[in-house]
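For reference, the structure is listed below as structure tokens.
The structure presented is a predicted model; accordingly, all values stated were derived computationally and were not measured. Letters A, B, ... are given to chains in the order of the sequence lines, protein chains preceding strands, and every chain is numbered from 1.
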Amino acid sequence: MKNLFVYLEIEDNKVAEVSQELLTKGRSLANELGCQLEAVAIGYKLSNIAHEVIPYGVDILHLFDDEKLTPYTTMPHASILVNLFKEEQPQICLMGATIIGRDLGPRVSSALTSGLTADCTSLIIGDYEDKRNKKTFKDLLYQIRPAFGGNIVATIVNPENRPQMATVREGVMKKAILDEDYKGEVKEHIAEDYFTDNDLAVEILCRQVEKAANNLKAAPIVVAGGYGVGSKENFELIEELAHCINAEVGASRAAVDAGFIEHDRQIGQTGITVRPKLYIACGISGQIQHLAGMQESSIVITINNDPEAPINAIADYVITGTIESVVPKMISFYKQNSK
Amino acid sequence: MTYKMIVLAKQVPDTRNVGKDAMKADGTVNRAALPAIFNPEDLCALEQALRIKDQFPNSTITLLTMGPGRAADVLREGLYRGADKGILLTDRAFAGADTLATSYALAQAIKKIGGFDLIIGGRQAIDGDTAQVGPQVAEKLGIPQLTYTESIESIGEHSVTVKRQIDGGVEIAKVEFPALLTVTAAQQCRPRNAKFLMKYKRALTPGESAAQGKEPYPMDNPLFLAEWSVADVGADIVQCGLSGSPTKVKKVENIIFQAKESRRIEDNNQEIEELVVELLNNHTIG
């Protein structure tokens, strides 16, 4: 009762990165709350999952192993979580802010009438005072997220309803094995007791999953372009610089929306989170959603013709000038001076 | 074949143009201070419904929105593009709703409309980016959902087949009616149609008619835009608005950047070469 639950996303019998990251975050929040960390795996042929996740400090792993549960469709997974949560009464439930998490989370929260906050960038335990009703709530989950087009950061709480639910994007939290020999219990449930045939309303006719086309997430150097790059042609300069210094190319949402580059290169709250040792931001003004995806970069260089661009506030080096002028200089000086 | 479709639309503040007075003291958005637009992905939802109607012209599209009186603008905007009917769900008691209270109110209105095959909405709205209302409405109605739909592949007598985005790929999924789809921006909405613009530019809700000192249109007039309150949809007032919202805003911070010591570099050969050499020497690059 009152434990912290993490929903494990499983693809090809592997636990998704984001779920592993949430187990690490969940473990530290559970320690602070003095409760147990429980994980839920729903799918087929899950015998290896315990070995994969218990070292993150999972006290109880719930397994729902049934051929009908893969590939993922919303309703059977939602029914299992809803029925399990009615039994277990968790205080917190965390999910990845992936397509699956953003499809499943709201369905579960609606059925349980519990509050859900999407795309959190930070989770903290704290107290909340409801001034209107003169009530104080101890040890709530502060769900912190940029909102309103990134112009504000909101802290959301769910004072009364349980579980407190939040989704978090991949790469926002850091994963770390706690103890290879951690002792956790595995509970194998009879999956069919938790969903009905009516839940199998969606038929998946065909599915194509490809490995990520780029290595942006793990790249040590990222060169990213924003709307200020101006055109698809200018974006080729960004790509040339990246190629030259062995970097991956990234982009802001505005650049993706303008069609300068494909969507899978988008960095930020609604894209990929990166932590490179060097981040070169070209023509990016620095909306909070973009910063949310790159602010942990070790060194930041900005290239902007606006000397007052907000992103300059987090930059180590601010180059004031146009992309067309600065980027070719960088390429040629790199070529002259390397080797 | 004909289909009865409901398109969910939200009027959103244009978050690209945010001024200082955009937030109220209680942390809720001061929508009055911002230009209001038809949420972009909801227009894409309308487009999917219009494509079905192109194929099966006797199908109907009812546009449903919840908001203050001025949200009737999105209903007219939808009629200009080919929707048949608009319903504005409006009541003071709906104010301050989070996604759960919003989905409750919408589900009540949909039950009143009744008899639908498909509900289509945008994946998410640009003011909140939560993507929660679609799935929550589906749950409240007890019907299946297909989120992140990119396109409708085919539609049969009792079912629809869609292509939808999944993590790292796409899938083709089939579901029987009634069902709810949320759609991404993969297919943009067609522009306004001049004929519909002429036909519907005087469409008004009873509230708007009254404000202009006019008699409201009779309900069977195509220019009548319905206006439903909490009582009209038989909603439990406690489950609406702020009181029906489990999430509370504890704090809202405007973005203030923490300035750190940064080195300014001018766009000339000498300074840029020095920077590149420095990065090479300390093994940041190369």
Would you mind telling me which of Val276(B), Ile265(B), Leu146(B) has the largest number of heavy-atom pairs within less than 4.5 Å of chain A? Ile265(B)
Ignoring hydrogens and angles, state whether a donor on the side chain of Arg102(A) or Gln124(B) is under 3.5 Å from an acceptor on the partner side chain. yes
What residue in Thr320(A), Asn158(A), Val202(A), Val157(A) has the most heavy-atom pairs under 4.5 Å with chain B? Val157(A)
Test applied, side chain to side chain contact (heavy atoms under 4.5 Å, CB included); reference residue, Phe333(A); option that passes from Leu275(B), Leu280(B), Asn269(B): Asn269(B)
Option in Thr130(B), Val175(B), Asn268(B), Thr99(B) with maximal non-hydrogen atom pairs under 4.5 Å from chain A: Thr130(B)
Side chain to side chain donor-acceptor pair (under 3.5 Å) involving Asp12(A) - partner list, sequence neighbours excluded: none
Go through the steps for Leu278(A) and Ile285(B) under the test side chain to side chain contact (heavy atoms under 4.5 Å, CB included), then give the verdict. CA-CA 8 Å; Leu278(A) 175 65; Ile285(B) 56 175; 3.4 Å; yes
Please round to the nearest 0.5 Å and tell me the distance separating atom OG1 of Thr161(B) and atom CD of Glu203(A). 8.5 Å
Please report the closest heavy-atom contact between Arg264(B) and Pro307(A), naming both atoms and the distance. NH1-O, 3.0 Å
Candidate pair Val326(A) and Ile272(B), rule side chain to side chain contact (heavy atoms under 4.5 Å, CB included), full reasoning: CA-CA 8 Å; Val326(A) 175; Ile272(B) 289 180; 3.7 Å; yes
Heavy-atom contact with chain B under 4.5 Å, split by part of Ser332(A): neither
Compare every heavy atom of Pro135(B) with every heavy atom of Asp103(A), then report the nearest pair and how far apart it is. O-CB, 4.0 Å
List the steps, then state whether side-chain hydrogen bond (donor to acceptor under 3.5 Å, both in side chains) holds for Ser110(A) with Gln136(B). CA-CA 5 Å; Ser110(A) 175; Gln136(B) 290 177 331; 5.5 Å; no
Closest non-hydrogen atom pair, Asn161(A) against Pro246(B): CG-CB, 3.7 Å
Heavy-atom pairs under 4.5 Å with chain A: which of Ala125(B), Ser103(B), Ala138(B) has the most? Ala138(B)
Above 12 or not: heavy atoms from other molecules or residues under 6.0 Å from CG of Leu200(A)? yes
Can you tell which part of Ile301(A) gets under 4.5 Å to a heavy atom of chain B, answering side chain, backbone, both or neither? side chain
Heavy-atom side-chain contact between Lys329(A) and Glu273(B) under 4.5 Å: no
For Val249(B) and Thr155(A), what are the C-alpha separation, side-chain angles and deciding distance, and is it a side chain to side chain contact (heavy atoms under 4.5 Å, CB included)? CA-CA 6 Å; Val249(B) 177; Thr155(A) 301; over 6 Å; no
Under a 4.5 Å cutoff for heavy-atom pairs, which residue among Ile245(A), Leu140(A), Asn246(A), Leu205(A) has the most contacts with chain B? Leu205(A)
Here's one to test your reading of the geometry: is the NZ or CZ of Lys248(B) within 45 degrees of the ring axis of Tyr128(A) and under 6.0 Å from its centre? no
Counting heavy-atom pairs under 4.5 Å with chain B, the top scorer among Gly115(A), Ala111(A), Pro106(A) is Pro106(A)
I'd like to know which of Glu176(B), Lys251(B), Gln145(B), Glu266(B) tops the heavy-atom pair count under 4.5 Å against chain A. Gln145(B)
Exercise: identify the closest heavy-atom pair between Arg107(A) and Ile143(B): NH1-O, 2.8 Å
Quick one: do the Asp316(A) and Ser262(B) side chains pair a donor with an acceptor below 3.5 Å? no
Do Gln165(B) and Ile99(A) have side-chain heavy atoms sitting under 4.5 Å apart? yes
By a 4.5 Å heavy-atom criterion (distance strictly below it), what part of Thr98(A) contacts chain B: side chain, backbone, both, or neither? both
What one should report as the nearest heavy-atom pair of Asp167(B) and Ile100(A) is OD2-N, 3.3 Å
How long is the span from the OG1 atom in Thr74(A) to the CD atom in Glu139(B), to the nearest 0.5 Å? 12.0 Å
At a 4.5 Å cut-off on heavy atoms, which part of Glu160(A) comes close to chain B: side chain, backbone, both, or neither? neither
Rounded to the nearest 0.5 Å, how far apart are SG of Cys206(A) and NZ of Lys174(B)? 14.0 Å
Working for side chain to side chain contact (heavy atoms under 4.5 Å, CB included), residues Arg132(A) and Leu242(B): CA-CA 12 Å; Arg132(A) 189 181 301 179; Leu242(B) 261 184; 4.0 Å; yes
Best-contacting candidate, Arg145(A), Glu9(A), Gln143(A), against chain B by heavy atom pairs under 4.5 angstrom: Arg145(A)
Which residues satisfy the side chain to side chain donor-acceptor pair (under 3.5 Å) test with Thr167(A), sequence neighbours excluded? none
Heavy-atom proximity to chain B below 4.5 Å, by part of Met75(A): side chain
Is chain B contacted by the side chain of Ile204(A), its backbone, both, or neither, given a heavy-atom distance below 4.5 Å? both
Applying a strict 4.5 Å limit to non-hydrogen atoms, the region of Val170(B) in contact with chain A is both
Search all heavy atoms of Leu116(A) against all heavy atoms of Thr247(B) and return the closest pair with its distance. N-CG2, 3.7 Å
Check step by step if side-chain hydrogen bond (donor to acceptor under 3.5 Å, both in side chains) holds for Tyr317(A) and Glu278(B). CA-CA 12 Å; Tyr317(A) 302 91; Glu278(B) 186 184 318; 2.6 Å; yes
One option among Glu11(A), Lys277(A), Glu129(A) has the most heavy-atom pairs under 4.5 Å with chain B, and it is Lys277(A)
